[in-house]
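Each chain gets a letter, A, B and so on, in the order the sequences are listed, and its residues count up from 1.
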There are 2 protein chains.
Amino acid sequence: MSEKVKKRTLISDIAAHLEVSIATVSLVLNGKAKQSRISDAVAERVLAYVQEVGYKPNQLAKSLRTGKTHVIGLVVEDIANPFFSTVASLIERQAFERGYRIIYCSTNNDTERSKQLISMFREQHVDGYIVVPAAGIEEQVGEILREHTPTVLFDRYLPALPTHHVVVNGAQGTYAAATHLLAQGFANIAFVTTDSEQTQMQDRLDGYVRALQEHQVPQTVKRVAVSKDREAVIADLMTFIEGHRQCDALIFSTNYLCIYGLEAITRLGLRIPDDLALVSYDDHDLFRLYTPAITVIAQPVEDIAKNVIDILLEELKQRASESPRPLQQLVLHPTLVVRQSSVRRAAGSAKKARKQEAAN
Amino acid sequence: MSEKVKKRTLISDIAAHLEVSIATVSLVLNGKAKQSRISDAVAERVLAYVQEVGYKPNQLAKSLRTGKTHVIGLVVEDIANPFFSTVASLIERQAFERGYRIIYCSTNNDTERSKQLISMFREQHVDGYIVVPAAGIEEQVGEILREHTPTVLFDRYLPALPTHHVVVNGAQGTYAAATHLLAQGFANIAFVTTDSEQTQMQDRLDGYVRALQEHQVPQTVKRVAVSKDREAVIADLMTFIEGHRQCDALIFSTNYLCIYGLEAITRLGLRIPDDLALVSYDDHDLFRLYTPAITVIAQPVEDIAKNVIDILLEELKQRASESPRPLQQLVLHPTLVVRQSSVRRAAGSAKKARKQEAAN
DNA sequence: CTGAAAGCGCTAACAA
DNA sequence: TTGTTAGCGCTTTCAG
């Protein structure tokens, strides 16, 4: 009753049909015909028949035997964040073209969840990892490193661990943004960031601090607890902005913070850039099309994706030869895309703004 | 040289250590201790030791043996589209909690690519599929159906195939949008859609046609070739808008078309809603925060994700019992979220609208 | 040049 | 109650 037409062709079927051995078929299929000196005639017959019946080797059996799954584990912070989904989408495409599948998960930057995900991937025997590491997962990453599973981190890294990684010089981006704002005459620039201690955040903060120190202007750093819910964050930002009316410009360390910020600014009825100039990290449809358009520190997403996957695939290829390859630790550069949100308007309004400032 | 400390514990190791048989360990681990009448004492000893050494069964071997991989194949149109990435992220989370991994790919609505992806997933022996079907993949989907692999489609479906699916009543959304615009006094409403013939697009068009027919006003449908690149689409839309100056309102059938539309409108220097009112399908940060905020036909993303994964997991659970379950074909309802982009500005009402919006 | 055969690690009949 | 053992489907020596 239950034995339907489950006639999945096996390698033994095709060997039997062709009256050759299983090994012959396997060898031909794995491109080892030449090196095993199998006659071209036989090789061709095999290929032709395999083609004809549409035989596909069972990947599970193959994986069990070879220990390779051709699956890459992708651990990102949040696949619903355009920055990550764009990079993920580019990585996925490249990987597929080279015969690798992607299995992915979002950590929401949660340490426990990250650990859990890595161990699940380990159980799945992924061939390699691409990880946007949450804080505190040194041990788990260290473990996969010790097992010599090819791994590339991106967006941030774990200073304690010798990993391949691709990051962006965040300090450079923030420094450029702050300098630009100062040049535009904004003198009281606040930096809105998360309460995360991770490298990329620290880096972005550093650029801000350096720029403001160089110009000897006071610094204001607002740290938002990322765990809070949407409304709480907006409320928090509204309170911050209201309590710092002397600020005439804001730099946001991530796209979602800026989105919350825009919501807060709108609710407060403030005008951009007249009341408050804005620069955000990460480009986004919203920032490009917003009125006024938002100045951003754009990350080179294509480059990030390309380098990450290239390094990983190279590593995957080389793994056989036990020669440890030099660590690839790329630091790419962001681009400041100046739009209206950070540009002083015509003389009239600028003066007015400055006057207000003096009055405070 | 090469044999490092690859001391991955095997089931035989733990059996040997405990001086019980491999079968006992396996049975206990698979919760079949009771039904195989293994003594509680032994079961506990096994569990304790497994815990102690942190033994994890090799999933590959397990899968090869059982034919189950606990992997779900997710085929979406574009993971970088917020609609899909949001749904994907919700699905992923639910699936993980129930012990399933997600392996995903974007088709960009390309038929060939879709076929290829499904066949790759088949080779990977995924336990189930969640598919946003591109046009023309009836055959491939039919095949996985014939193999009785649990499958759920969403966003659109293939009318020729009896599948489980979760879609949204697009006609209702567009109808509501058109009716709303007409009520606001916009009399010349155009519908901007893609050249796709898929169910969800056809459906959205139908709602537009029906609303305009009922009010006996002329229809204007603009079909954009989706294959074109970004700039080409924007140029196309600019030409269309310029050529239809009599139009006072536009309904976009997808979020990305509206984003292109906003770009086109901005470049043409038109004001929203005074020169042109706007309604788009799918909500998006951009639409919520744009000035003026864009009225949207919001899809119930949480509900979509929840229903999709529930149906699939149910199916996965039931597969053993050969009783064919009734087809789940859910039609959820969209919500028209009225914002300023579609509301006639009577004197003084603009401010009111903004206040309302802030209250949301 | 080709074929036999030993596993990869696990599950689950079937014995005992 | 527990142990033995036959595979799942494939790769890859190694002997012919």
task: Could you say whether Ile22(A) or Ile38(A) is positioned toward the 5' end of DNA chain C, judged by the nucleotide with the nearest heavy atom to each?
output: Ile38(A)

query: Given atom CD1 of Ile14(A) and atom C1' of dT11(D), what is their separation to the nearest angstrom?
result: 15 Å

- request: Go through dA12(C), dC10(C), dT11(D) for me and flag the one nearest to the Lys32(B) side chain.
  value: dA12(C)

Nearest to side-chain heavy atoms of Arg65(A), which nucleotide of dA6(D), dG7(C), dT1(D): dG7(C)

- request: Kindly give the heavy-atom pair with the smallest separation between Asn109(B) and Pro133(B), and that separation in Å.
  value: OD1-O, 4.3 Å

- request: Would you kindly compare Thr66(B) and Val42(B) by the position of their nearest DNA chain D nucleotide and give the one closer to the 5′ end?
  value: Val42(B)

- request: Please state whether the phosphate of dG3(C), meaning OP1 or OP2, lies under 4.0 angstrom from any side-chain nitrogen or oxygen of Thr24(A).
  value: yes

query: Of the nucleotides dT11(D), dT1(D), dT2(C), which has the atom closest to the Ser26(A) side chain?
result: dT11(D)

- prompt: How many Å lie between CD on Glu44(B) and P on dT2(D), as a whole number?
  reply: 13 Å

message: Just checking His17(B) against Tyr49(B), ring centres under 6.0 Å apart?
response: yes

message: Expressed as a whole number of angstroms, how long is the span from Gln59(B):CD to dC8(C):C1'?
response: 15 Å

Leu27(A) CG - dT13(D) P separation (whole Å): 9 Å

Residue pair His165(B) / Thr163(B): nearest heavy atoms and the distance that separates them: ND1-OG1, 3.3 Å

Residue Ile11(A), side-chain atoms from C-beta onward, closest of dT11(D), dG9(C), dT2(C): dT11(D)

message: Without decimals, in angstroms, what is the distance between Glu123(A) CD and dG9(C) C1'?
response: 14 Å

task: In whole angstrom, give the distance that lies between atom NZ of Lys68(A) and atom P of dT12(D).
output: 10 Å

- prompt: Of the nucleotides dG3(C), dC1(C), dG9(D), which one has an atom closest to the side chain of Asn58(A)?
  reply: dG9(D)

field: Closest-nucleotide ordering on DNA chain C, the 5'-leading residue of Leu60(B) and Ala23(B)
entry: Leu60(B)

query: Does Lys62(B) make a side-chain N or O approach to OP1 or OP2 of dG9(C) shorter than 4.0 Å?
result: no

- request: Give a yes/no on whether any side-chain N or O of Ser63(B) is located under 4.0 angstrom from OP1 or OP2 of dC8(D).
  value: no

- prompt: Can you tell me if the side-chain N/O atoms of Tyr55(B) get under 4.0 Å from OP1 or OP2 in dG9(C)?
  reply: no

message: Please tell me whether Ser21(A) and Thr24(A) have a donor and an acceptor in their side chains that are separated by less than 3.5 angstrom.
response: yes

task: On the 0 to 90° scale, with breaks at 30° and 60°, tag the Phe121(A)-Phe96(B) ring pair as parallel, tilted or perpendicular.
output: perpendicular

field: Rounded to 10 degrees, the angle between the two terminal axes of the helix from dC1(C)-dG16(D) to dA16(C)-dT1(D), each from five pairs
entry: 50°

Atom-pair distance (CG on Leu64(B); P on dA12(C)), nearest Å: 13 Å

query: Is the CD atom of Gln329(A) crowded by more than 12 outside heavy atoms at less than 6.0 Å?
result: yes

task: For the residue pair Ser106(B) and Glu77(B), confirm or rule out a side-chain donor-acceptor distance under 3.5 Å.
output: no

field: Position toward the 5' end of DNA chain D (nearest nucleotide), Asn30(A) or Val20(B)
entry: Val20(B)

task: May I ask you to decide if the ring planes of Tyr104(A) and Tyr104(B) are parallel, tilted or perpendicular, using 30° and 60° as cut-offs?
output: perpendicular

field: Under-4.0 Å side-chain N/O to phosphate OP1/OP2 contact, Ser21(A) with dT2(C)
entry: no

message: As a test of reading the structure: which of dT2(C), dC10(D), dT2(D) is closest to the side chain of Leu10(A), going by heavy atoms?
response: dC10(D)

- request: Round to a whole Å and report the spacing from CD of Glu19(B) to C1' of dG3(D).
  value: 14 Å

